[in-house]
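Atoms within each ligand, like the ligands themselves, are counted from 1 in listed order.
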Amino acid sequence: MVDKLKVKLIEKQDPDVNKDASFYWKKCLSLIKEQVKPITYNTWFSPIVPLQIENKTLIVQVPTQFFWEWIEEHYHSILIKSVQNVLGTDAKISFVVKEEVENEKSPIHFVEIKNNGTNGKKENLPPIESNLNPRYQFSNFIQGEGNQLARATGLAISENPGETSFNPFFVYGGVGLGKTHLIQAIGNRIKEKFPDKRVLYISSDDFTRKFVDAIQNNQANEFQNFYRTLDVLIIDDIQFLSGKEKTQDLFFHIFNNLHQSRKQIILSSDKPPKELKGLDDRLISRFKWGLQADIQPPDFETRVAILNSKAQEFGMNLSPQLIEFISTNITSNIRELEGCLIKMLATATISSKEIDMELTKKIVKEIASDKKISLGIDDITKIVCEFLSLPENKIREKTRKKEIVFARQIAMYLSKEYTSNSLKTIGLYFGGKDHSTVIHAYNQITKNLESDIHLQEIIEKLRSKIEMVI
Ligand code: ADP
Ligand code: MG
């Protein structure tokens, strides 16, 4: 489809069609002019060149990819509204990037802004493996206060993928709270209701790995093109794209393309967009376009309901007392609730014992004791700042003030020791420092610890505070 348009545009510039396009574009411009500042108008609208109108689509040319991205991000609704005002509510606008037309090597870039549903024909596309686990359904996703909004939004999206304002849908929350379950349940429901839709679930790590493979095999374009054929793209744990600039860049383009074509994008993360570190601002701002919903740890009643449902699934017959005991003692994580039941079942089977209170207590205790809370850089920073009586936000400031540099070096040192984050991530956290700064901080503290008794004392106290949390 794109190639055909390219040929038409380059070889068959019909002057009448062009005149039409200019006529209507002028009308659009006069509407736009009323809504934006003159400087904005001159910078972002005057350079747009109308090319032609085809099937109620106004095709215009913009100078660069960046230009397109900018107007698409900032003036999307003004543009589409003015075009539809002039050409009717089913009108669309498409962009051609000038530098790509001139540069024969790179493919022409066509992006449509349109306001109505169906995009492109896909009869010839082979079906894809969705990668969804059939275990994750809405029917076994227990509703509770902590996941109510996320679940309801997920259901609404399943009815109308790409057509709600929840695009992208960004689900965030701590580990083991049901993010993967929910986003896969949406995928499964969509496949059930719309079997023809091309739905793909992928973790961001897999996405990165496959992209790297594609580059190595000279198939980066094919890779990108494949993603553009999807109707629903679900990416799990998007926080792991942190620091991976090339992958982010690719994802940015895929995101734009799908979003423009009203395809559904669903993302999960351990943090809300604004707290994601090491992710391109352009991506973060896009993550905020649709709906962000968090999943909070389940309350007591929800934990009981989840345990009852899982016990039934596993064929276990547990008394209300046992369920209550587990719900009271395992509180923060649904994966652990499930793990507890599995462990109980396994232990009872292996040792041919009854599942009673004694066995339950033993297993709950084991789970509580080998629970390693994973400590984040933010937890460490909090502990350090509290101890040194420094407001937390100061530590990321660009300053050479002695006490701030000191606190930052300590926080970097302890983050390297106690978390599994890379030096790069640690650096990013502390105001975009690079990894050599982190190494320097680490070496500096290590060296000073040899002779500085005051520092030894501070580090020792901090260690005991941190270890209390772990
Ligand atoms: P996350 O992706 O947030 O780390 P998961 O989706 O992997 O968490 O959930 C962990 C486990 O808990 C999974 O086995 C999942 O099925 C189960 N689970 C999570 N939330 C619920 C829920 N609301 N109802 C039933 N099971 C749940
Ligand atoms: Mg998950």
> What atoms of ligand 1 come within less than 4.0 Å of a heavy atom belonging to Tyr136?
Replying inline: 16 (O)
>> Contact between Ile202 and Tyr227 at the side-chain level, heavy atoms closer than 4.5 Å - yes or no?
In response: yes
> CD1 of Ile377 to OG1 of Thr419: how many Å apart, nearest 0.5 Å?
Replying inline: 5.0 Å
> Are any side-chain N or O atoms of His76 and backbone N or O atoms of Ile71, one a donor and one an acceptor, separated by less than 3.5 Å?
Replying inline: no
> Among protein heavy atoms, which lies nearest atom 23 (N) of ligand 1, and at what distance?
Replying inline: Ile142 O, 2.8 Å
>> Under 4.0 Å from a heavy atom of Val175: which atoms of ligand 1 are those, numbered in the order shown and with their elements?
In response: 4 (O)
> Tell me, which protein residue and heavy-atom name are nearest atom 15 (C) of ligand 1, and how many Å apart are they?
Replying inline: His181 ND1, 3.3 Å
>> I'd like to check whether Leu177 has a polar contact with ligand 1, where a contact means an N/O of the residue lying under 3.5 Å from an N/O of the ligand.
In response: yes
>> In this structure, does ligand 1 have an atom that sits under 4.0 Å from one of the heavy atoms of Arg151?
In response: no
>> Test of understanding: with side chain to side chain contact (heavy atoms under 4.5 Å, CB included), list the residues that count as partners of Arg286, not counting sequence neighbours.
In response: Glu72, Glu73, Phe252, Phe255, Asn256, Arg282, Trp289
>> Could you tell me if the side chain of Asn140 sits less than 4.5 Å from the side chain of His181, heavy atoms only?
In response: yes
>> Under 3.5 Å, is there a donor on one side chain and an acceptor on the other for Ser436 and Asp434?
In response: yes
> Closest heavy-atom contact between Ile142 and Asn147?
Replying inline: O-ND2, 3.0 Å
> Who's the nearest protein heavy-atom neighbour of atom 7 (O) of ligand 1, and how far?
Replying inline: Arg335 NH2, 2.9 Å
> Nearest to atom 3 (O) of ligand 1 by heavy atom, Glu313, Glu338, Lys179, Glu336: which?
Replying inline: Lys179
> Among protein heavy atoms, which sits nearest to atom 8 (O) of ligand 1, and what does the distance come to when rounded to 0.1 Å?
Replying inline: Gly178 N, 3.0 Å
> Thr208 and Asp205: side-chain donor and acceptor closer than 3.5 Å?
Replying inline: no
> Which atoms of ligand 1 are found less than 4.0 Å from any heavy atom of Asn147?
Replying inline: 23 (N)
> Out of Leu307, Ile334, Thr302, whose heavy atom is nearest to atom 21 (C) of ligand 1?
Replying inline: Ile334
> Will you find, in the side chains of Thr331 and Arg303, an N or O donor that is under 3.5 Å from an N or O acceptor?
Replying inline: no
> What atoms of ligand 1 come within less than 4.0 Å of a heavy atom belonging to Asn140?
Replying inline: 24 (N), 25 (C), 26 (N)
> Which atoms of ligand 1 are found less than 4.0 Å from any heavy atom of Gly174?
Replying inline: 3 (O)
> So, does Gly176 sit close enough to ligand 1 that a heavy atom of it is under 4.0 Å from the ligand?
Replying inline: yes
>> Just to be sure I understand the site: which N, O or S atoms from the protein are less than 2.8 Å away from the Mg ion (ligand 2)?
In response: Thr180 OG1
> Nearest to atom 26 (N) of ligand 1, what protein heavy atom do you find, and at what distance?
Replying inline: Lys310 NZ, 3.0 Å
